[in-house]
Amino acid sequence: MLDGVAGRVAARAALLRSVRRFFDQRGFVEVDTPVLTRSLIPEPAIDVFVTEAAHRATPLYLVPSPERWMKRLLAVGCSAIYQIGHAFRNLEEIGPWHADEFAMLEWYTTGEDWLAARQTTLSLLHAVTAALEPWRDASDLRSAPARSCGAELSLPPEVHTVASLCQRALDSPLVSLSLVELQQVAGQVGTEWSADDTWEQLFHRLFLTHVEPTLPRDRPVFVTDYPSGVPTLARAAADAAVAERWELYLGGVEIANCYQEEVSGQRLAAVFGAEAERIRRSHTPRRVDWELPDRFGDSPPCTGVALGIDRLLAHLLGAPSIAAIGYCDTAR
Amino acid sequence: MIKASAIDKGTFLLIKGAPHLVVEREFVNPGKGSAFVRLKLKNIQTGLVTRQVNKSQETLEDVEIEGVNAQYLYADDDSYVFMNSDTFDQFNVPVSGLEDRRHYLIEGDSYQVMMWGETPLDIKVPIKMALEIAEAPPAERGDTATGASKTVTTATGLPLKVPIFIKEGDRVVVNTETAEYVERAN
């Protein structure tokens with residue numbers, strides 16, 4: 001039974017223990033990197049928390065993910081590392097699946113590629129599910145209507161490319177279209193768009209309106225091969241229109257994502273350069289770790305996966321939100 | 001005008017000249033993309049449900065509405081019948097889109113009806129209301145584990161999960177936003 005604070009404390013501890021056991025048994029090393037940082041990787045869509053030290057003018061940021069630090073560790077020869085830490089996103093609002101601060105599991109390995117990482121992720125979810133078995137009938141969490149619960153991990157996952165999902169829902173694969181062609185598709189399916197929409201924004205309007213709500217909720221779903229028009233640090237596939245990247249959905253909610261990491265120093269520098277201007281114009285300008293392409297560039301091929309601990313715990317316990325599995329009164 | 005990120009469930013928007021009720025809203029921020037608000041809208045006049053996704057920074061046209069104090073009289077097949085407390089005029093509020101309000105409307109009680117000109121759009125109910133329990137199964141012997149609960153029905157027909165000590169005829173406080181039991185009313 002999971003009743004009250006003590007139960008939620010125990011369930012979370014069991015999850016964290018099982019994650020550590022899983023990675024320790026596979027030869028990964030746990031790392032513990034700083035939460036305060038002086039520079040970031042360029043991710044213009046993420047708003048960061050900015051703070052400052054009392055006697056220094058340079059701003060400090062709360063990390064939106066440990067990616068920058070972990071890639072620097074990979075660059076100096078660490079080959080299989082994981083971290084359970086807190087990440088901070090200066091979101092405009094809090095919702096059932098969003099919070100300013102959340103627990104994130106992130107792991108990197110040179111030992112397998114992004115396709116093999118799907119099986120590893122499922123194995124991890126099975127291990128965590130087994131560890132949470134005593135709390136599965138958490139009466140005080142299931143009392144509210146639960147939107148997210150229901151994806152049975154025992155059912156085989158579905159794997160779909162973004163292009164195939166878009167083709168089915170919109171009669172167009174979207175991924176290789178120009179912005180003007182995306183606008184034409186939007187017009188055909190009656191989706192309103194704005195003249196200042198970037199390619200990424202219009203793609204997401206269409207994807208979030210017509211595709212994401214149709215994903216199966218009763219089993220794990222991997223959505224793969226995201227368009228290169230959504231800028232990330234994932235490696236471009238042989239078909240350059242898409243990147244080697246997947247997202248795992250459970251019950252219609254993104255739980256984890258994976259990249260085959262871009263390790264070409266030249267291409268990383270190009271991505272950083274292209275983002276520089278967008279960063280300067282973004283809501284919260286921030287300092288970028290311009291050394292990262294040099295340091296991390298030309299490292300051995302590696303895969304990175306990030307997984308939302310709170311979302312996973314809420315899902316496995318059938319809770320209606322990540323707030324429902326918390327045990328600190330963050331409202332005060 | 002209202003910013004998409006400020007829109008809430010229950011907000012009224014003017015979409016192509018027609019008033020729409022926001023029946024669902026969800027903040028979505030794809031892992032690697034911009035922030036959006038996903039809306040499920042119901043056209044008040046046609047009942048047609050549509051979905052749209054707006055960037056959270058976009059602005060939309062909201063509807064100017066005015067609250068009118070009115071006494072709830074009764075419900076017929078497709079409307080709730082009210083009497084304006086100032087003018088004593090009777091008027092109908094269509095049930096469509098406001099089905100869940102029937103659990104919180106008590107004959108003879110006063111409510112605020114939200115009007116768009118002459119068109120009633122919504123009935124405001126208090127966030128917490130005391131409701132009488134009409135049907136309650138007796139607690140089973142031995143069922144004393146902490147947190148044990150049972151399902152009862154209020155006089156207004158709302159099924160409710162309550163602690164086992166609640167009996168028929170008790171009045172309980174209900175959160176009308178979540179349709180959940182709060183506490184026993186004194």
Side-chain angles (χ1 to χ4, degrees), chain A residues 1-4 7 43-47 65 89 91-98 138-140 142-145 147 190-194 196-198 200-210 212-213 226 229-234 243 245 247 252-257 259 283 306 308 320, chain B residues 2-9 13 15-16 20 24-41 48-61 100 143-152 158-164 174-175 177-182:
Chain A
M1 279 291 285
L2 181 83
D3 279 310
E43 288 177 299
I46 294 177
D47 281 331
S65 86
R89 306 270 169 103
L91 296 166
E92 292 151 52
E93 64 179 283
I94 311 298
W97 306 110
H98 293 278
S139 62
D140 66 336
R142 285 191 185 275
S143 58
R147 172 184 171 256
T191 294
E192 297 214 3
W193 45 275
S194 148
D196 66 354
D197 278 357
T198 62
E200 176 269 310
Q201 288 169 333
L202 186 49
F203 164 76
H204 274 124
R205 264 192 216 268
L206 291 163
F207 188 80
L208 295 172
T209 308
H210 302 282
E212 200 192 70
Y226 277 71
V230 177
T232 64
L233 298 178
R245 167 188 163 199
E247 300 273 338
V253 176
E254 285 175 6
I255 295 282
N257 74 68
Y259 293 173
H283 185 55
Chain B
I2 184 170
K3 209 156 110 172
S5 58
I7 293 170
D8 217 337
K9 188 174 162 182
L13 299 173
I15 310 267
K16 292 178 185 148
H20 285 69
E24 273 177 35
R25 66 93 67 195
E26 184 190 15
F27 176 69
V28 272
N29 194 357
K32 303 297 163 191
S34 306
F36 293 89
V37 174
R38 180 153 46 200
L39 301 175
K40 186 172 165 189
L41 302 162
L48 197 70
V49 172
T50 51
R51 291 170 193 277
Q52 69 179 48
V53 168
N54 291 93
K55 286 189 285 188
S56 58
Q57 298 299 327
E58 276 173 337
T59 52
L60 289 96
E61 194 172 349
D100 63 330
D143 190 7
T144 55
T146 323
S149 61
K150 61 182 181 181
T151 302
V152 300
L158 175 70
L160 210 55
K161 212 167 152 187
V162 299
I164 49 174
V174 175
N175 180 325
E177 287 184 344
T178 59
E180 283 170 8
Y181 167 86
V182 179

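So you know, we letter chains A, B, ... as the sequences are listed, proteins then strands, and number each from 1. Predicted model only: the values in this text are computed from it and were never measured.
When each of A:Y226, A:W193, A:Y259 is scored by its heavy-atom pairs under 4.5 Å with chain B, the top score falls to A:Y259. Taking A:T198, A:L206, A:D197 one by one and counting their heavy-atom pairs under 4.5 Å with chain B, the maximum is reached by A:D197.
No side-chain donor from either of B:Q52 and A:T209 sits under 3.5 Å from a side-chain acceptor of the other.
Judged as a ring-ring contact (aromatic ring centres under 6.0 Å, His included), and not counting sequence neighbours, the contacts of A:F207 are A:F203. Qualifying salt bridge (Lys or Arg N to Asp or Glu O under 4.0 Å) partners for A:D196, counting only residues two or more places apart in sequence or in other chains: B:K55.
Residues B:K32 and A:N257 approach most closely at CE-ND2, 4.1 Å, considering heavy atoms. Minimum heavy-atom separation, A:H204 to B:G33: CE1-CA, 3.7 Å. Taking both residues in full, the closest heavy atoms of B:V28 and A:L208 are given as CG2-CD1, 3.9 Å, listed atom of the first, atom of the second, then distance. In terms of heavy-atom proximity, B:V53 sits nearest to A:R205 at O-NH1, 3.1 Å. Heavy-atom minimum distance, A:Q201 versus B:F36: O-CZ, 3.5 Å. Here the shortest heavy-atom pairing between A:P213 and B:R38 reads CG-NH1, 3.6 Å.
In this structure, B:E58 and A:E192 have side chains that are not in contact, with every pair of non-hydrogen atoms separated by 4.5 Å or more.
The line from CD1 of A:I46 to OG of B:S34 is 11.0 Å long, rounded to the nearest 0.5 Å.
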